[in-house]
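Take a look at the structure below.
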Amino acid sequence: MSDTLPSPVERWLETLEPPAEPFHSAVIEGRSRFRREGKGPWLPIQAVMWHELGRNHVADLRVGLGPLTFVRGMDGYVDGTGFGRISHTLDMGPEIDQAAALFMWAEAILFPSAWQERADVEWTGVDDQTADVSLPFGAERVGARLVFDPASGYPSRFSADRHKGVGSRPTEWVVDYEDWRDTSDGVTLPGRATATWSDEPGPWFRMWLERANPGADVSAAMARGRSLLAEAAADPTR
């Protein structure tokens, strides 16, 4: 792919130290905060992101403080289907599929092993700091734009038109990456990721990334996602 990659993507790859062994799964761990509609108080959330990189994704969510849990949830994109479950409420539909696929890719794209050997990930150069990428989404595709920091060469922003929920229209969704560093796992990741909707006054989600666990066994998390989808298919009223 090196002959066809845009210059900012090439520069990014040149700054990275290749992993000792290729990996195609990861478990991202860290500290998170979120708030509704980009305003109001920040609430602590424990989020563990399980990835079959660029293919399937499950996130375990716990909103709480210390031992006190307010609500649990699980988001995911498994076998081409997206879902979002908070407590006993389950959101599904075409808009959720698209939103979940973009969320998955916003993290998976940070690991070149998720896309370097794939012919279905297509890059287009925009300028010296910007590249567009067309990503697989079931039988369709979704597009996103990456902006790269001119000093470090690392990605600084991922943006795409993403659905907020069932029945919604696509809205620009922006993820900013900051403070790239080498983790204890030998993987280079941003220290912080911040997500913002363009029609809200401020960011709604922040995560301080601490570990990536490259090559981790994520089969149990994917099985939980498939089990939830099977239960939803068996009971359409859910």
Side-chain angles (χ1 to χ4, degrees), residues 24-30 32 34 36 45-63 71-111 114-115 118 120-121 133-146 158-175 177 193-200 203-207 209 218-233 236 238:
H24 299 285
S25 65
V27 182
I28 300 175
E29 300 178 67
S32 306
F34 87 103
R36 294 184 181 277
I45 179 171
Q46 289 184 348
V48 182
M49 318 292 194
W50 308 78
H51 282 272
E52 289 178 349
L53 290 168
R55 301 187 186 280
N56 295 305
H57 163 256
V58 170
D60 290 315
L61 311 171
R62 184 185 80 91
V63 180
V71 66
R72 290 187 182 272
M74 181 168 63
D75 291 346
Y77 179 76
V78 178
D79 301 333
T81 300
F83 60 87
R85 186 187 69 185
I86 298 296
S87 188
H88 299 295
T89 301
L90 178 64
D91 288 334
M92 296 179 64
E95 298 92 344
I96 304 301
D97 296 343
Q98 187 258 15
L102 280 168
F103 189 99
M104 174 192 71
W105 273 113
E107 291 186 344
I109 202 77
L110 303 179
F111 301 89
W115 50 265
R118 293 181 60 165
D120 56 359
V121 175
V133 62
S134 176
L135 300 161
F137 166 46
E140 304 175 44
R141 305 189 69 77
V142 289
R145 172 163 289 187
L146 266 76
F158 176 104
S159 62
D161 290 335
R162 180 175 181 243
H163 289 282
K164 280 189 173 184
V166 175
S168 66
R169 300 180 63 182
T171 301
E172 185 184 26
W173 180 67
V174 177
V175 183
Y177 310 113
T194 302
T196 307
W197 293 102
S198 64
D199 63 348
E200 294 182 352
W204 67 274
F205 180 79
R206 285 180 176 148
M207 185 171 186
L209 291 77
V218 298
S219 57
M222 301 306 148
R224 287 189 285 107
R226 292 186 177 102
S227 177
L228 184 149
L229 293 176
E231 291 175 8
R238 54 182 186 279

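The analysis underlying the following values was restricted to heavy atoms, covering all of them including side chains, and did not include hydrogens, waters or symmetry mates. Since this is a predicted model, take the numbers as computed values, not measurements.
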In terms of side-chain geometry, is the basic nitrogen of Arg224 or Asp60 positioned less than 4.0 Å from the acidic oxygen of its partner?
yes

Where do Gly143 and Leu102 come nearest, in terms of heavy atoms and distance?
O-CD2, 4.3 Å

Which value, rounded to the nearest 0.5 Å, describes the distance between Thr196 atom OG1 and Arg206 atom CZ?
7.5 Å

Counting distance only, does the side-chain N/O of Arg162 pair as donor-acceptor with the main-chain N or O of Trp197 below 3.5 Å?
no

Return the CZ to CZ distance between Phe158 and Arg145, rounded to the nearest 0.5 Å.
12.5 Å

Tell me, do Ser198 and Trp173 make a side-chain contact under 4.5 Å, heavy atoms counted?
no

Donor-acceptor pair, side chain of Glu95 and main chain of Gly165, under 3.5 angstrom:
no

At what distance, to the nearest 0.5 angstrom, does CZ of Phe34 lie from CG of Leu61?
9.0 Å

side-chain contact (heavy atoms from CB on, under 4.5 Å) between Leu228 and Met74: does it pass, once the steps are laid out?
CA-CA 10 Å; Leu228 184 149; Met74 181 168 63; 3.5 Å; yes

Heavy-atom closest pair (Val218 atom, Ala26 atom, distance to 0.1 Å) is CG1-O, 4.0 Å

At their closest point, which heavy atom of Ala193 faces which heavy atom of Leu209, and how far apart are they?
N-CD1, 3.9 Å

Sidechain N-carboxylate O distance under 4.0 Å for Lys164, Asp199
yes

At what distance, to the nearest 0.5 angstrom, does CG of Asp91 lie from CD1 of Ile86?
8.5 Å

I need the minimum non-hydrogen distance between Pro203 and Thr194, along with the two atoms involved.
CB-CG2, 3.4 Å

Identify the residue among Phe103, Phe83, Tyr77 that makes a ring-ring contact (aromatic ring centres under 6.0 Å, His included) with His57.
Phe103

Locate the shortest heavy-atom distance separating Ala114 from Gly54; write the atom from each residue and the value.
CB-N, 4.3 Å

Grab the two heavy atoms, one from Val58 and one from Gly225, that are nearest each other, plus how far apart they are.
CG2-CA, 4.4 Å

Quick one: does Gln98's side chain have a donor or acceptor within less than 3.5 Å of a partner on Phe137's backbone?
no

Take Arg226 and Asp79 through the side-chain contact (heavy atoms from CB on, under 4.5 Å) test and state the conclusion after the steps.
CA-CA 8 Å; Arg226 292 186 177 102; Asp79 301 333; 2.7 Å; yes

If you round to the nearest 0.5 Å, how far is CG of Leu110 from CH2 of Trp105?
11.0 Å

Rounded to the nearest 0.5 Å, what's the gap from CG on Leu90 to CZ on Arg85? Could you check?
8.0 Å

Start with the C-alpha gap between Glu172 and Ser159, add the side-chain angles, then the distance that decides, and say whether side-chain contact (heavy atoms from CB on, under 4.5 Å) holds.
CA-CA 7 Å; Glu172 185 184 26; Ser159 62; 4.2 Å; yes

Stepwise, does the side-chain hydrogen bond (donor to acceptor under 3.5 Å, both in side chains) test hold for His51 with Glu107?
CA-CA 9 Å; His51 282 272; Glu107 291 186 344; 2.5 Å; yes

Consider side-chain contact (heavy atoms from CB on, under 4.5 Å). Of Val27, Asn56, Ile28, which one does Trp50 pass it with?
Val27

Does any part of the side chain of Val121, heavy atoms only, come nearer than 4.5 Å to the side chain of Pro136, both counted from C-beta?
yes

Any side-chain heavy-atom pair of Leu135 and Ile109 under 4.5 Å
yes

Given Arg55 and Arg118, is the side-chain contact (heavy atoms from CB on, under 4.5 Å) satisfied, shown in steps?
CA-CA 11 Å; Arg55 301 187 186 280; Arg118 293 181 60 165; 3.7 Å; yes

Given 3.5 Å as the limit, does a donor-acceptor pair link the side chain of Ser227 with the main chain of Ala223, or not?
no

For the pair Asp75 (side chain) and Ala59 (backbone), establish whether a donor and an acceptor sit closer than 3.5 Å, ignoring hydrogens and angles.
no

Taking atom types as modelled, find out whether Ser134 and Arg141 have a side-chain donor-acceptor pair closer than 3.5 angstrom.
yes

